[in-house]
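What you are looking at is a predicted structure, and each value in this text was computed from that prediction instead of being measured.
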2 protein chains.
Amino acid sequence: MKKDPASANFLPLYEQIKRLITRGLAEGEWPPGEAIPSEMELARRYQVSQGTVRKAIDELVKENYLVRRQGKGTFVATHADDGTAYRFLHLFPLEGEREYPHSRFIGFGRGKADAPLAKRLSVRPGSGVVILRRVLEFSGKPVVYDDIRLPVALLKGISSAMIEDHVNAHKGTLYSLYETRYAIRIVSAQERICAALADEISAPLLNVAIGSPLLCIERVAFSYNLQPVEWRKSYINTENYYYFDELN
Amino acid sequence: MKKDPASANFLPLYEQIKRLITRGLAEGEWPPGEAIPSEMELARRYQVSQGTVRKAIDELVKENYLVRRQGKGTFVATHADDGTAYRFLHLFPLEGEREYPHSRFIGFGRGKADAPLAKRLSVRPGSGVVILRRVLEFSGKPVVYDDIRLPVALLKGISSAMIEDHVNAHKGTLYSLYETRYAIRIVSAQERICAALADEISAPLLNVAIGSPLLCIERVAFSYNLQPVEWRKSYINTENYYYFDELN
DNA sequence: GTCCACATGTCTTATATAAGACATGTGGCC
DNA sequence: GGCCACATGTCTTATATAAGACATGTGGAC
């Protein structure tokens, strides 16, 4: 435990504790949904004061890694939780109450990562990827077409049946599937948003005319320590829905 | 100062301090760029401990209201600062280094707020608004067309010459203009993003064909306490630039 | 067996203390 | 006058303490 501020690679104690806790999370010592040890216990374990652990946890809570529940303990955040299941879906109806989509899977296969995808996923070009295609329907109408790709190495033994079961029967999101079946927790994502026109593939799926304007969003989703896990490209019909962003 | 947690409208002390400091900021007691009093001084003034003030300031720093500079003091954040001037511009080139735009103003006038705009700006329908139109050029090429509207009451005596001077001669952003000339600081914004097609107005301004895909972003910018200040609609040619969003 | 009071464990808020780092101004030395 | 050492003020990090709030389990009274 480095405590000398003069040291070249000095890190504040709370930052070191943050990393130690994050390591525990990444290694699955405390799986999503479970409680981590109490602040006092972690303080003893890492040989620092409880206040330092508190500061580390405070930050991890702000980063959505952990969730505090007063009187009960501190828990590992999870997508298998109604409140946060659609945290990454920034799509809202132009009119009326917020709705959540139904997934209709239209393709499941395997392929190889080309150079750009390999770069985004930090894998070797040519390495195997799982390919998923689906349409998100709001109130029964198609709004989003997704092309989703993940390193096959992360999802050993995945099958279209398993996905359908989890997502449709079990009402889960893909991110909760990664969590419960593959112990991979998505904690952040980056999106690049462009405008595009509906083509022969997307137009019929979204039930719009070819040449209609669509949002095109390329997302890379990350697990702990910014490790890329999933790439996806979404085509969105924004006739009745908009993408919401809050700037601070 | 309420300290009784049993009270119905109980607020933690640090939260009360946060609001008191925010009030000082909103009322211009400490203008953008200036230092606020030291933690000890604020503690004396508000009759709480220095640690409580610290927690309040910590949060205000995370919300970009304040900036800490070790050894110097804590300062009111400002857009008139190279580092944060383009904090709200989420546009990046598909290739190459980040660039910053040049503003070309193409319209300046006044009008009345229709019902939707009035609602967004929290003003009476029919009340006066200033209307600004401009094109943002990156590397000399038009990429964004902005239609910007603000309550005229907030911008007494504004003129196109003043804007041109501030933005072009002085290299400032609109938000730094609001700050320096009108003591209005923009601290947050909400954006609704849709896909659209270039029409007879936007196409020539952006130098694209009618029917080209554009991003259409409707933004409302807020000052302290979520007070709406500015509405704008941006049309963006995303052939060479993308909108970036980070999800956490 | 059921229900309530109480103890216990945990997070929440508030306060106090102290050593160190960083920036700046002041006074003295040359 | 120029330069340096030092004091001062400020933020930064770490630790300790304590009263309260919330959730849960336990044991006794009935």
Side-chain angles (χ1 to χ4, degrees), chain A residues 1-21 24 30 33-77 81 83, chain B residues 1-21 24 30 33-77 81 83:
Chain A
M1 194 110 335
K2 286 184 193 64
K3 290 195 184 186
D4 177 15
S7 160
N9 53 354
F10 168 75
L11 269 185
L13 255 192
Y14 74 84
E15 186 61 44
Q16 298 178 41
I17 302 306
K18 231 177 113 176
R19 296 190 183 192
L20 289 170
I21 296 175
W30 309 299
E34 299 274 291
I36 65 170
S38 75
E39 296 179 349
M40 282 306 299
E41 215 163 318
L42 290 171
R44 274 194 299 277
R45 168 163 170 180
Y46 298 129
Q47 292 294 299
V48 296
S49 83
Q50 176 261 4
T52 303
V53 171
R54 162 164 289 265
K55 175 144 182 174
I57 291 180
D58 275 347
E59 301 217 341
L60 291 171
V61 167
K62 284 208 184 81
E63 292 167 30
N64 292 308
Y65 284 29
L66 300 174
V67 176
R68 288 181 183 283
R69 297 203 192 113
Q70 177 169 164
K72 302 186 72 172
T74 302
F75 297 76
V76 184
D81 175 8
Chain B
M1 196 112 330
K2 287 184 193 65
K3 290 197 183 188
D4 178 13
S7 160
N9 53 354
F10 168 74
L11 268 186
L13 255 192
Y14 74 85
E15 185 62 43
Q16 298 178 42
I17 303 306
K18 231 177 112 176
R19 297 191 181 190
L20 288 170
I21 295 174
W30 309 299
E34 300 275 290
I36 65 170
S38 75
E39 296 180 348
M40 282 307 298
E41 217 162 315
L42 289 171
R44 274 193 299 276
R45 166 164 171 177
Y46 298 128
Q47 291 296 297
V48 296
S49 81
Q50 176 262 1
T52 302
V53 171
R54 161 162 290 264
K55 175 143 183 173
I57 292 180
D58 275 347
E59 300 216 344
L60 291 171
V61 166
K62 287 213 181 77
E63 291 167 30
N64 292 308
Y65 284 29
L66 300 173
V67 176
R68 287 181 185 284
R69 297 204 194 112
Q70 176 168 164
K72 302 187 72 174
T74 301
F75 298 77
V76 184
D81 173 10

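Which of C:dC11, D:dC11, C:dT15 sits closest to the side chain of B:Ser49 comes down to C:dT15. Listed nucleotides: D:dT13, C:dT15, D:dT15. Nearest to the side chain of B:Val48: C:dT15. Of the candidates D:dT10, D:dT12, C:dT13, the closest approach to any side-chain atom of B:Tyr14 belongs to C:dT13.
B:Arg44 and B:Gln47 make their closest contact through O-NE2, 2.8 Å (heavy atoms, listed as atom of the first residue, atom of the second, distance). When all heavy atoms of B:Ala77 and B:Asn64 are compared, the pair lying nearest together is CB-O, 3.4 Å.
For A:Thr52, a side-chain nitrogen or oxygen approaches OP1 or OP2 of D:dT15 to under 4.0 Å.
Atom CD of A:Glu39 and atom NZ of A:Lys55 lie 14.0 Å apart (nearest 0.5 Å).
Residues passing the side chain to side chain donor-acceptor pair (under 3.5 Å) test with B:Gln70: none are found, sequence neighbours excluded. Partners of B:Tyr14 under the ring pair (Phe, Tyr, Trp, His ring centres under 6.0 Å) rule, at least two apart in sequence or in another chain, do not exist in this structure. Partners of A:Lys18 according to the side chain to side chain donor-acceptor pair (under 3.5 Å) rule, which considers only residues two or more places apart in sequence or in another chain, are A:Glu59, A:Glu63. Contacts of B:Phe75 classified as ring pair (Phe, Tyr, Trp, His ring centres under 6.0 Å), with partners at least two apart in sequence or in another chain: none.
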**Request:** Check the pair A:Asp81, A:Val67 against side-chain contact (heavy atoms from CB on, under 4.5 Å), reporting the backbone distance first and the verdict last.
**Result:** CA-CA 12 Å; A:Asp81 175 8; A:Val67 176; over 6 Å; no
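Comment: A:Glu41 does not engage A:Arg45 in a salt bridge, judged by the lack of any side-chain N to carboxylate O separation of less than 4.0 angstrom.
The CD-C1' distance, from B:Gln16 to C:dT13, rounds to 12 Å in whole Å. B:Met40 places its CE atom 13 Å from the C1' atom of C:dA18, with the value rounded to the nearest Å. The distance from atom CD of B:Gln47 to atom P of C:dT15 is 10 Å, rounded to the nearest whole Å. Protein atom CZ of B:Arg54 is 17 Å distant from nucleotide atom P of C:dA18, rounded to whole Å. Here C:dT10 presents its C1' atom at 13 Å from CZ of A:Arg44, a figure rounded to the nearest Å. When the P atom of C:dT10 is taken as reference, atom CD of A:Gln50 falls 11 Å away, rounded to whole Å. Atoms CG (A:Leu13) and C1' (D:dA16) sit 15 Å apart, rounded to a whole Å.
Between A:Glu15 and B:Pro37, the one whose closest nucleotide on DNA chain D sits nearer the 5' end is B:Pro37.
Using Watson-Crick or G-U wobble geometry with both donor-acceptor distances under 3.5 Å, C:dT13 finds its partner in D:dA18.
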Using a cutoff of under 3.5 Å, can you pull out all pairs of nitrogen or oxygen atoms linking the protein to nucleotides 3-8 of chain D, with atom names and distances?
none

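For residues 55-75 of chain B, proximity to DNA chain C is found at B:Gln70, B:Gly71, B:Lys72, defined as any non-hydrogen atom under 4.0 angstrom from a strand atom.
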